[in-house]
Undergrad: 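Pasting in a structure now, in structure tokens, and then I'll have a few things to ask.
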Amino acid sequence: MPHSPLRLILDGQALVSNWRWLDSRSGSAACGAAVKADGYGLGAAQIVRRLAGAGCRDFFVATWAEADTVIDTLGGASLSVLHGVAGEDIASAAASPARPVLNTPRQVGLWKQAAPGRPCDVMIDTGIGRLGLSPYEARSGLLDGLTIDTLMSHLARADEQSEMNSRQRAAFAALAEAIPARRYSLANSAGICLGADYAFGLTRPGLALYGGIPRGEASGHIRQVVRVEAQVVQRKPIPAGSSVGYGATFTADRERELAILNIGYADGYLRGFSGRGRAFFEGAVLPVAGRVSMDLTAVLADDAPNLAEGEWVELDYALPAAAAQSGLSQYELLTTLGRRHRKEWR
Ligand SMILES: *Cc1c(COP(=O)(O)O)cnc(C)c1O
């Protein structure tokens, strides 16, 4: 394999420790793991293997194509496909060990016809206005004859202090009384932080597994999982008055030292970090100078005299801080990574 000048350093112990914390916060409910979008960019198959090894028994992906990438690593754990079934999926879905999460009357009809009696999950929209049957549809008899493993709903504002949370919780609790299922599930990462009332029988964290801090309750407990490192392509001094990057948005006030890093927006280091991000080398902080470009980013290296061509620097990618620097959400920061980086689990 050719050498890659970019790498993600992934901390397997932090991943498992985050899952264990979320599991303990889930009280008596089981704690699953959302591994859609290739495990939020970190590599779904590795995440499933590691969390299944730690005792996680329930995984969630978005599509059947994603299900294919993890089906062989489940080791007997269950897998749910959040987008349900389209006509194109139904034959392979009916033969798969994974379960669809049925979201629409048409999906319910397809499943009843193609896989009568086979377990499925069902999503009800209690207010997020995204996927799911309305509570009215769910109570209309439409679900009669299905074998529902997990009945679920999804919170819209769990990362905020909002009375919408308790309203959605109450609506879901009422549905759980009315609709028979093996178990019930409402909370994502932020929902787990809201307390045991929100856990029902199964929780579905994603973000916090991967080091995201959805709410204050998680800080101090959730550990950083991913570190982003890039190699220095060039180091050079620039004279006072010279500019850096497209648009010449940075001008050197005096002679400065620049290090040009092998990372840019095509690597998921998006332009929001222009003039605002930073990198670390041997304890020195290297601020981003000027605009991030497609494959390159310049940092000021005056405080890192030993930083030479070919050295590796770490980008500041602690998720809450990087979100504040870049104006991106912690979710976007994770899911834009991973395409060009070599992944090293440590
Ligand atoms: C993505 C997703 C989750 C996980 O959410 P996080 O906020 O990342 O914890 C849980 N449930 C559903 C339905 C999802 O789509």
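Atoms within a ligand are numbered from 1 in the order they appear, just like the ligands themselves.
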Undergrad: Only heavy atoms of Y40, strictly under 4.0 Å: list the atoms of ligand 1 that pass.
TA: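 Selected atoms, number and element: 1 (C), 4 (C), 5 (O), 6 (P), 8 (O).
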Undergrad: Need the ligand 1 atom indices (1-based, order shown) with element for anything under 4.0 Å from a heavy-atom of L207.
TA: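 Matching atoms, with element in brackets: 6 (P), 8 (O), 9 (O).
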Undergrad: For a side chain to side chain contact (heavy atoms under 4.5 Å, CB included) check, start with the C-alpha distance between S185 and F172, then their side-chain angles and the critical distance, and finish with the verdict.
TA: CA-CA 9 Å; S185 175; F172 187 62; 5.6 Å; no
Undergrad: Which residue owns the protein heavy atom closest to atom 11 (N) of ligand 1, what's the atom, and how far is it?
TA: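 So the nearest neighbour among protein heavy atoms is R204 NE, 3.0 Å.
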Undergrad: Could you check atom 5 (O) of ligand 1 against the protein and tell me its nearest heavy-atom contact, residue, atom and distance included?
TA: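 Looking only at protein heavy atoms, the one closest to atom 5 (O) of ligand 1 is N188 CB, 3.4 Å.
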Undergrad: Give yes or no for whether the N/O distance cutoff of 3.5 Å, strictly under, is met between G206 and ligand 1.
TA: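 By distance alone, the answer is yes.
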Undergrad: Contact between Q330 and ligand 1, counting heavy atoms under 4.0 Å?
TA: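 In this structure, Q330 fails to qualify as a contact of ligand 1 - no heavy atom is under 4.0 Å.
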Undergrad: Following the transitive rule for hydrophobic clusters with a side-chain heavy-atom cut-off under 4.5 Å over Ile, Leu, Val, Met, Phe, Trp and Tyr, establish whether L300 and I260 coincide in one cluster.
TA: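 Yes.
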Undergrad: Give the minimum heavy-atom separation between L51 and W19, together with the two atoms involved.
TA: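 Heavy-atom minimum between the residues: CD2-CB, 3.6 Å.
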Undergrad: Looking only at protein heavy atoms, which one is nearest to atom 14 (C) of ligand 1, and what is the separation?
TA: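 Going atom by atom, the protein heavy atom closest to atom 14 (C) of ligand 1 ends up being K36 NZ, 2.9 Å.
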Undergrad: List the closest protein heavy-atom neighbour of atom 7 (O) of ligand 1: residue, atom name, distance to the nearest 0.1 Å.
TA: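 In this structure, atom 7 (O) of ligand 1 has Y331 OH, 2.5 Å as its nearest protein heavy atom.
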Undergrad: Using modelled atom types only, decide if a donor and an acceptor are shared between the side chain of W111 and the backbone of R118 within a distance under 3.5 Å.
TA: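 It does hold such a pair.
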Undergrad: For the residue pair W312 and H3, categorise the inter-ring angle as parallel (less than 30°), tilted (30 to 60°) or perpendicular (more than 60°).
TA: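 Because their plane-to-plane angle is over 60°, the rings of W312 and H3 count as perpendicular.
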Undergrad: Could you identify the single nearest non-hydrogen protein atom to atom 9 (O) of ligand 1 and state the distance to 0.1 Å?
TA: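 Scanning the protein heavy atoms, the shortest distance from atom 9 (O) of ligand 1 goes to S189 OG, 2.5 Å.
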Undergrad: Do L202 and L155 belong to the same hydrophobic cluster, where Ile, Leu, Val, Met, Phe, Trp and Tyr are linked whenever their side-chain heavy atoms lie under 4.5 Å apart, directly or via other members?
TA: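 Per the 4.5 Å side-chain linkage, L202 and L155 are not co-clustered.
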Undergrad: So, regarding L82 and ligand 1 (criterion: nitrogen or oxygen to nitrogen or oxygen, under 3.5 Å), is there a contact or not?
TA: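 For ligand 1, there is no N or O atom that lies under 3.5 Å from one belonging to L82.
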Undergrad: Relative to ligand 1, is H154 under 4.0 angstrom through side chain, backbone, both or neither, heavy atoms considered?
TA: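 For H154, the contact with ligand 1 is made by the side chain alone.
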Undergrad: Give a yes/no verdict on whether any heavy atom in P205 is under 4.0 Å from an atom of ligand 1.
TA: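 A heavy atom of P205 does come that close to ligand 1.
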Undergrad: Compare every heavy atom of H154 with every heavy atom of Q168, then report the nearest pair and how far apart it is.
TA: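 Distance-wise, the nearest heavy atoms are NE2-O, 2.9 Å.
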Undergrad: Could you tell me which non-hydrogen atom of P205 sits nearest to which non-hydrogen atom of C31, and how far apart they are?
TA: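 Scanning both residues completely, I find the closest heavy atoms to be CG-SG, 3.7 Å.
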Undergrad: Check ligand 1 against A34 and write out every atom of the ligand that is under 4.0 Å from a heavy-atom position of the residue.
TA: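 Listed by number with element, the hits are 4 (C).
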Undergrad: With a cut-off of 4.0 Å, which atoms of ligand 1 are near a heavy atom of R130?
TA: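 Close to R130: 15 (O).
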Undergrad: When hydrophobic residues are tied together by side-chain contacts of less than 4.5 Å, even through go-betweens, does Y210 share a cluster with W21?
TA: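 Per the 4.5 Å side-chain linkage, Y210 and W21 are co-clustered.
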Undergrad: Judged by non-hydrogen atoms, does M123 sit under 4.0 Å from ligand 1?
TA: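 Checking ligand 1 against M123, which is what was asked, there is a heavy-atom contact under 4.0 Å.
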Undergrad: Could you go through Y317 and L337, starting from their C-alpha distance and side-chain angles, then the distance that decides it, and tell me whether this counts as side chain to side chain contact (heavy atoms under 4.5 Å, CB included)?
TA: CA-CA 11 Å; Y317 221 77; L337 294 176; 3.5 Å; yes
